[in-house]
**Q** 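Pasting in a structure now, in C-alpha cells, and then I'll have a few things to ask.
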Amino acid sequence: MTQIQNTLYVTTHGSYLSKDGENILVKSEGNIVMRVPVHVLDGIVCIGRIMISPALMGHCMKHGLSISFLTENGYFLGRVVGSVSGNVLLRREQYRHADDPIKSFNIAKNIVIGKILNQRTVLDRALRDYNDVMHINDRDSLCATKIHFTQAVQHIQNENNIDVLRGIEGESAKKYFGQFNTLIRTNNEEFRFIGRSRRPPLDRINSMMSFVYTLLTHDIRSALESVGLDPTVGFLHTDRPGRLGLALDILEEFRPWFCDRLVISLINRKQIHVDDFIIMPDGACMMTAAGRKILIMAYQKRKRDPIKHGFLDEKSFVGIMWHLQAKLLARYLRKDLDEYPPFLWR
C-alpha cells in the first residue's frame, strides 16, 4: 500500500496555528478556517507572516512533522524539526562518498544525465503536442536542441572531470531555457521568458519557477531525511553553509519534468493571469497571494497524479517519486545497487 501524506501550506498573512487535541487549528482574523488531523500531514509550510503556538510546535517536533518558513516570494528562511533521525552508518557512507572525488562524480554524473534526458523529453512532448501549429523554424530549433542533449549525454558518459560535467550541465540548461518561449503557447507578451533570473526574479515566469523550486526542495529534503540521508551534503552541489546540497542535487532531476512543466501548463491553460503578479520598484516580480494559491493548488494536485517509476517498474503517484529516488540513493550507498539510477520521465 502506498501512503501519500500531504503538506499544509498556510499563505494568509496573520494566520494563527494552534493545537486542538490531535488536530491543527488554523485561525484567521479570529475565525477558525481549517482543522486538519496531524496524522495526515508530513509537513507544514508557512508563507509570509504566520504565527504558531508553542504547544503545536512541540507537538509537531514530537511527531516528526517539520515546519518551514518562507517569505512571500518563496525564499526559504528556516525550518523547525525534532530530533535527528536516521541511520548513522548510512550518513557516514554518504559523507565518505561525498569526500571521494571518483565516487562523488559517479553520482553527480547520473544526476546530470537524468536532468538532460528529462529536458530532452520536455522538448519531445512539445513537438508531439504542438507539431501541427508550430512554426517550422521553432520545430527545427527544438530538434537541434534535442540533438545537442543527446550528444551532451554521450560526452558525459566518457567524462571523469566534475568541472567539465558542471560546464556541460550549464550549457545544456542555457540551450533548454533558450527554447522556453517555444513551449509557451500564448501570445501574451507579459509571459515572455527573457532568461533565468533569481534573487530577485525579474519576470513572471521566473517568479513562478523560483517558487515551485523552493516548494519541491522542501519536499525533497523531507524525503531524504525520511530515509536517513543528510540533505545538506551533496555530490553535484558543493558544501556551503546553509545550502541543501543533496536536496538540490535530486531537484535537478525533477526541474524540467515536474517544476517547469507545471509553470508552462498554468500559463498555456490560462489558469494564471498577469494580475496575479506585482512588479516592485526595484524590478523584482512577486506573485500575489491569489497567484501563490493557484500555484500551490496546482502543485498539490499534480502530486496526486498516477505515474509509473521507470527503474522500479512500479505504479505510484507523482508525489512519491522523490521518496523513491531517496530510497534508491540510500540503496546505492549501502552497495545494494551498482549505480545510482536517476529519475527518467518516459
**Q** With a 3.5 Å distance limit and no angle check, can you tell me whether Asn118 reaches the backbone of Gly114 through a side-chain donor-acceptor pair?
**A**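 The answer is yes, because a donor-acceptor pair under 3.5 Å joins these two groups.
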
**Q** Out of curiosity, Leu8 CG to Ile67 CD1, how far, rounded to the nearest 0.5 Å?
**A**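 Between atom CG of Leu8 and atom CD1 of Ile67 there are 10.0 Å.
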
**Q** Report, as yes or no, whether the 6.0 Å neighbourhood of atom CG on Asp338 holds more than 12 heavy atoms from other residues, nucleotides or ligands.
**A**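 No, the 6.0 Å shell around CG holds no more than 12 heavy atoms from other groups.
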
**Q** Mind checking whether Phe191 and Phe277 have parallel, tilted or perpendicular rings, split at 30° and 60°?
**A**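 Perpendicular.
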
**Q** Any Lys/Arg nitrogen of Asp219 or Lys303 sitting under 4.0 Å from an Asp/Glu carboxylate oxygen of the other?
**A**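 Yes, Asp219 and Lys303 are salt-bridged.
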
**Q** Counting distance only, does the side-chain N/O of Gln94 pair as donor-acceptor with the main-chain N or O of Leu333 below 3.5 Å?
**A**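 No, Gln94 side chain to Leu333 backbone: no donor-acceptor pair under 3.5 Å.
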
**Q** I'd like to know if Asp305 and Arg302 make a salt bridge, using a cut-off of under 4.0 Å between side-chain N and carboxylate O.
**A**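 Arg302 and Asp305: salt-bridged.
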
**Q** Quick one: does Asn268's side chain have a donor or acceptor within less than 3.5 Å of a partner on Leu183's backbone?
**A**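 Yes; at least one donor-acceptor contact below 3.5 Å.
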
**Q** Identify whether Ile44 and Ile32 are in the same connected component of the hydrophobic contact network (ILVMFWY, side-chain heavy atoms under 4.5 Å).
**A**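 Not linked; separate clusters.
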
**Q** What are the two closest heavy atoms between Val318 and Ile307, and how far apart are they?
**A**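 For Val318 and Ile307, the tightest heavy-atom pair comes out as N-CG2, 3.6 Å.
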
**Q** How long is the gap from CZ on Phe311 to OH on Tyr340, to the nearest 0.5 Å?
**A**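 One gets 10.5 Å once the value is rounded to the nearest 0.5 Å.
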
**Q** Leu117 versus Trp345: any side-chain heavy-atom pair under 4.5 Å?
**A**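 Of all side-chain heavy-atom pairs linking Trp345 with Leu117, none is under 4.5 Å.
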
**Q** Search all heavy atoms of Leu328 against all heavy atoms of Pro341 and return the closest pair with its distance.
**A**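 Scanning both residues, the minimum pair turns out to be CD1-CG, 3.9 Å.
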
**Q** Drop me the distance from Ile220's CD1 to Leu229's CG, to the nearest 0.5 angstrom.
**A**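 CG of Leu229 is found 12.5 Å from CD1 of Ile220.
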
**Q** Of all heavy-atom pairs between Ser265 and Gln271, which one has the smallest distance, and what is that distance?
**A**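 Looks like O-OE1, 4.1 Å.
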
**Q** Would you say the side chain of Phe235 lies within less than 4.5 Å of the side chain of Ile162, judging by non-hydrogen atoms?
**A**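 No; the side chains remain at least 4.5 Å from each other.
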
**Q** Under a 3.5 Å threshold, yes or no: a donor from one side chain and an acceptor from the other, between Ser104 and His97?
**A**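 No, no side-chain donor-acceptor pair sits under 3.5 Å.
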
**Q** Nearest 0.5 Å please: distance from the CG atom of Leu329 over to the CD atom of Gln325.
**A**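 Nearest 0.5 Å value for the CG-CD distance: 9.0 Å.
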
**Q** Inspect the surroundings of CZ in Arg240 and state if more than 12 heavy atoms from other residues, nucleotides or ligands are less than 6.0 Å away.
**A**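 No.
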
**Q** Where is the tightest heavy-atom contact between Val33 and Ser28, given as atom of each residue plus distance?
**A**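 What the structure gives for the nearest pair is CG1-CB, 4.1 Å.
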
**Q** Is there a side-chain contact between Tyr9 and Tyr299 in this structure, where contact means two heavy atoms from C-beta onward sitting under 4.5 Å apart?
**A**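 Yes. Closest side-chain heavy atoms under 4.5 Å.
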
**Q** In chain order, what residues pass the side-chain hydrogen bond (donor to acceptor under 3.5 Å, both in side chains) check against Arg334, with sequence neighbours excluded?
**A**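 Partners of Arg334 under the side-chain hydrogen bond (donor to acceptor under 3.5 Å, both in side chains) test: none.
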
**Q** Does atom NZ of Lys19 have more than 12 heavy-atom neighbours, drawn from other residues, nucleotides or ligands, at distances under 6.0 Å?
**A**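 Counting other residues, nucleotides and ligands, NZ of Lys19 exceeds 12 neighbours.
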
**Q** Ignoring hydrogens and geometry beyond distance, is a side-chain donor-acceptor pair present between Gln179 and Ser141 at under 3.5 Å?
**A**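 Side-chain D/A pair, Gln179 to Ser141: present.
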
**Q** Around atom CE of Met51, are there more than 12 heavy atoms of other residues, nucleotides or ligands at under 6.0 Å?
**A**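 Atom CE in Met51 is crowded, with more than 12 foreign heavy atoms closer than 6.0 Å.
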
**Q** Ignoring hydrogens and geometry, is there a side-chain-to-backbone donor-acceptor pair from Arg292 to Met287 under 3.5 Å?
**A**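 Checked: pair present.
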
**Q** For Asn158 and Gln154, indicate whether the former's side chain and the latter's backbone hold a donor-acceptor pair under 3.5 Å.
**A**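 Checked: pair present.
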
**Q** Would you say the side-chain atoms of Asp260 pair up with the backbone N or O of Met209, donor to acceptor, closer than 3.5 Å?
**A**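 It does not hold such a pair.
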
**Q** Would you say Ile250 and Glu253 make side-chain contact, with heavy atoms under 4.5 Å?
**A**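 Yes - at least one pair of side-chain heavy atoms lies under 4.5 Å apart.
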
**Q** Which of parallel (below 30°), tilted (30 to 60°) and perpendicular (above 60°) describes Phe149 and Tyr176?
**A**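 Phe149 vs Tyr176 ring planes: tilted.
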
**Q** Does Leu127 share a hydrophobic cluster with Ile116, counting links as ILVMFWY side-chain heavy atoms below 4.5 Å and allowing steps through other members?
**A**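 Yes, because Leu127 and Ile116 connect within a single hydrophobic cluster, where side-chain heavy atoms sit under 4.5 Å apart.
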
**Q** Around Met57, counting heavy atoms of other residues, nucleotides and ligands shown, do more than 12 lie under 6.0 Å from its CE?
**A**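 Counting neighbours around CE of Met57, more than 12 heavy atoms of other residues, nucleotides or ligands fall under 6.0 Å, so yes.
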
**Q** With a sphere of 6.0 Å drawn around CD of Glu29, does it hold more than 12 non-hydrogen atoms of other residues, nucleotides or ligands?
**A**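 At most 12 heavy atoms, drawn from other residues, nucleotides or ligands, come within 6.0 Å of this atom.
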
**Q** Has the side chain of Thr288 got a donor or acceptor atom that lies under 3.5 Å from a matching backbone atom of Asp276?
**A**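 Here the side-chain-to-backbone pair exists.
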
**Q** Salt-bridge test for Glu169 and Arg166: reply yes if a basic N is under 4.0 Å from a carboxylate O, no otherwise.
**A**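 Salt bridge: no.
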
**Q** Could you state the interatomic distance from NE2 (His237) to CD1 (Ile111), rounded to the nearest 0.5 Å?
**A**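 Answer for the NE2-CD1 pair, His237 versus Ile111, is 9.0 Å.
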
**Q** Any idea which heavy atoms bring Leu251 and Cys259 closest together, and the distance?
**A**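 Shortest heavy-atom separation between Leu251 and Cys259 comes out as CD1-SG, 4.4 Å.
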
**Q** Are the side chains of Ile205 and Ile184 in touch, meaning some heavy atoms are under 4.5 Å apart?
**A**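 Answer yes - side chains close enough.
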
**Q** At their closest point, which heavy atom of Gly48 faces which heavy atom of His13, and how far apart are they?
**A**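 Here Gly48 and His13 meet closest at CA-CE1, 3.6 Å.
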
**Q** Look at the side chain of His63 and the backbone N and O of His59, then say whether any donor-acceptor pair between them is shorter than 3.5 Å.
**A**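 Confirmed, His63 side chain pairs with His59 backbone.
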
**Q** When rounded to the nearest 0.5 angstrom, what distance separates OG in Ser53 from CG in Leu25?
**A**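 Ser53 OG to Leu25 CG: 9.5 Å, rounded to 0.5 Å.
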
**Q** Indicate whether any N or O donor in one side chain lies under 3.5 Å from an N or O acceptor in the other, for Tyr332 and Asn106.
**A**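 Per modelled atom types, Tyr332 and Asn106 side chains form no pair under 3.5 Å.
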
**Q** Taking the basic N atoms (NZ, or NE/NH1/NH2) and the acidic carboxylate oxygens, is any pair closer than 4.0 Å for Glu252 and Arg255?
**A**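 Here Glu252 pairs with Arg255 in a salt bridge, since their nearest N and O are under 4.0 Å apart.
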
**Q** Between the side chains of Asp20 and Arg35, is the shortest nitrogen-to-carboxylate-oxygen separation below 4.0 Å, so that they form an ion pair?
**A**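 Between Asp20 and Arg35 there is a salt bridge, with a charged N closer than 4.0 Å to a carboxylate O.
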
**Q** Would you indicate whether the side-chain heavy atoms of Met286 and Met280 approach each other to under 4.5 Å?
**A**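 Contact flag for Met280/Met286 side chains = yes.
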
**Q** Side-chain contact, heavy-atom cut-off 4.5 Å: Val112 with Ile168?
**A**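 The answer is no, as the side chains (C-beta and beyond) never meet within the 4.5 Å cut-off.
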
**Q** May I ask you to check whether over 12 heavy atoms, not counting those of Arg125, lie within 6.0 Å of atom CZ?
**A**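 It does: Arg125 CZ has more than 12 such atoms within range.
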
**Q** Is it the case that the side chain of Thr121 and the backbone of Asp124 share a donor-acceptor pair, with hydrogens and angles ignored and the cut-off at 3.5 Å?
**A**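 No, the answer is negative, given that no donor and acceptor are paired below the 3.5 Å cut-off.
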
**Q** Any side-chain to backbone donor/acceptor pair from Asp249 onto Leu236? Under 3.5 Å, distance only.
**A**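 Yes, Asp249 side chain to Leu236 backbone: donor-acceptor pair under 3.5 Å.
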
**Q** Under 4.5 Å between any side-chain heavy atoms of Ser15 and Lys27, yes or no?
**A**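 They are not in side-chain contact.
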
**Q** Can you confirm whether the side chains of Arg243 and Thr232 place a donor and an acceptor under 3.5 Å from each other?
**A**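 Result is no, nothing qualifies.
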
**Q** Does Glu190 come within less than 4.0 Å of Arg204, counting only side-chain N to carboxylate O?
**A**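 So Glu190 pairs with Arg204 through a salt bridge.
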
**Q** Heavy-atom count check: over 12 atoms from other residues, nucleotides or ligands less than 6.0 Å from Lys103 NZ?
**A**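 Yes, NZ of Lys103 has more than 12 neighbouring heavy atoms, counting only those of other groups under 6.0 Å.
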
**Q** Indicate whether any N or O donor in one side chain lies under 3.5 Å from an N or O acceptor in the other, for Asn206 and Asp203.
**A**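 Looking only at side-chain atoms, Asp203 and Asn206 do form a donor-acceptor pair, the distance falling under 3.5 Å.
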
**Q** Quick check: Phe343 with Trp322 (ring centres under 6.0 Å apart)?
**A**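 Between Phe343 and Trp322, which both carry aromatic rings, the centre distance is not below 6.0 Å.
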
